[in-house]
Amino acid sequence: MSGIKLLATGSALPQHVITNHDLEQIMDTSDEWIRTRTGIGARHHCRGEECHTSLCLDAARKALERGGIDPQQIGVCLVATLTQDHLTPATACVLQKELGFQEDTICFDLNAACSGFVYALHTAECLLAAAKRKYALVLGAEVLSRVMDLTDRSTCVLFGDGAGAAILEWGEDYPSLCAVMGSRGNRQVLMIPGVNTGDPSYIHMDGKEVFRFAVEVLPRCAKEVAAKAGISLDEVDRFAFHQANQRILDHAIKKLKLDPAKCTGNIAHTGNTSAASVPILLDQLVSSGQLRSGQKVLCAGFGGGLTWAGALLQLA
Ligand code: ACO
């Protein structure tokens, strides 16, 4: 069996923090409403020179340094996102130049919304099997503050900016991710208009429908990954679920009868960072010693598309 291990992580959050109390000053909302409905207390927004590319570079450099990997060793670079600085070039191509990857490195961006990072993990696992070099840099990064309608209080209080990076190593005797993925085409529940639609590129979301979708797919996806890996959920050391809403997470934890101590999140401080949420959380788990060498973390995302994805990742 061949597969990948997680070698190192990095993350970057913009310096500017927006608390719920800051939002109270500019719209009809309250800290109490946001906390009880979502679990969110604050989020980070890019300001000034900070942008999608700068967050990616910051997170990627940390991961490369911590993993002791020279950029010349990278064979695959993927960025999961829906808010890149330009439609083209892909952020992954900009990273190739800025970080000094070889020109035959496979570089592209991937949009599977909030499931994007887990989709990218599996894509990297497949590509690395045939790649010349056995290391991949996979990022999830978003600047959702650029696609928020500040007059829509039911969406704009939820989202934040950030980037997370992971260095993956492929090995013939490494474990498979046992990835599970799916999509259910739907333009009504969650949509951001693209170029030439005549509409501003703001997030349109039917929160209640997303909630219903999430509580259906997240527990099922986690169960399917564990079944594919031939282990019970009790044997999983950590869970890194997409940080969309604490109530969705609490529902999944209860339904799957998980130990809450294995499910620590960061939504209170970062809000929902879409594709960046799982890798930012992974970095925080590794940096704080909550995920240690040899341990297994079950990652799962769900969101726009509608999409879902889960995978079991082992720390090298
Ligand atoms: N502050 C105060 N009141 C508000 C706010 C706000 N920010 N937003 C909405 N309200 C009001 C509404 O106007 C409504 O008032 P009314 O009863 O007088 O009409 C009331 O609060 C209830 O609104 P609902 O929309 O019914 O609130 P709900 O309990 O459904 O919570 C929420 C909304 C938080 C968006 C919830 O539906 C949710 O979390 N859905 C999932 C969203 C999600 O997970 N998205 C992430 C996936 S997508 C992605 O990551 C890109």
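Just follow the structure's listing: the first ligand is 1, and inside any ligand the first atom is 1. Every value quoted in this text rests on a predicted model; they were computed, and no experiment measured them.
- Each of the following atoms of ligand 1 lies closer than 4.0 Å to a heavy atom of Ala244: 44 (O), 46 (C).
- A distance of 6.0 Å separates CG in Leu233 from CG in Leu256, rounded to the nearest 0.5 Å.
- Those atoms of ligand 1 with a heavy atom of Val157 less than 4.0 angstrom away are 7 (N).
- The protein non-hydrogen atom at the shortest distance from atom 45 (N) of ligand 1 is Met205 SD, 3.4 Å.
- For atom 13 (O) of ligand 1, the closest heavy atom belonging to the protein is Arg153 NH2, 2.9 Å.
- In terms of protein heavy-atom proximity, atom 27 (O) of ligand 1 is nearest to Arg37 NH1, 3.2 Å.
- Proximity of atom 17 (O) of ligand 1 to the protein is not indicated, since no non-hydrogen protein atom lies closer than 4.0 angstrom.
- The pair Lys254-Asp250 does not count as a salt bridge, with every side-chain nitrogen at least 4.0 angstrom from each carboxylate oxygen.
- Proximity of atom 40 (N) of ligand 1 to the protein is indicated by at least one non-hydrogen atom lying closer than 4.0 angstrom.
- Not a single heavy atom of Met27 sits closer than 4.0 Å to an atom of ligand 1.
- Of the listed residues (Phe211, Trp33, Phe213), the one carrying the non-hydrogen atom nearest atom 31 (O) of ligand 1 is Trp33.
- With respect to atom 25 (O) of ligand 1, the closest heavy atom belonging to the protein is Lys208 NZ, 4.4 Å.
- Close contacts between ligand 1 and Asn245 involve ligand atoms 34 (C), 38 (C), 39 (O) [criterion: under 4.0 Å to a heavy atom].
- In terms of the side chain to side chain contact (heavy atoms under 4.5 Å, CB included) criterion, residue partners of His45 (sequence neighbours excluded) are, by chain and number, Ile18, Arg43, Arg47, Ser145, Met148, Asp161.
- Listed by atom number, the atoms of ligand 1 under 4.0 Å from Leu190 heavy atoms are 48 (S).
- Residue contacts with ligand 1: Ser30 is placed with no nitrogen or oxygen under 3.5 Å of a nitrogen or oxygen of the ligand (distance criterion only).
- Set against the non-hydrogen atoms of Cys114, the atoms of ligand 1 under 4.0 Å away are 48 (S), 49 (C), 50 (O), 51 (C).
- Every residue two or more places apart in sequence or in another chain was checked for a salt bridge (Lys or Arg N to Asp or Glu O under 4.0 Å) with Glu24, and none qualifies.
- Polar contact check, Gly207 against ligand 1: a nitrogen or oxygen pair lies under 3.5 Å apart.
- A salt bridge links Lys132 and Asp104; the closest N-O separation between the charged side-chain nitrogens and carboxylate oxygens is under 4.0 Å.
- Between Thr29 and ligand 1, at least one pair of N/O atoms sits closer than 3.5 Å.
- The protein heavy-atom contact nearest to atom 35 (C) of ligand 1 is Ser154 O, 3.7 Å.
- Each of the atoms 44 (O) of ligand 1 lies under 4.0 Å from some heavy atom of Ile248.
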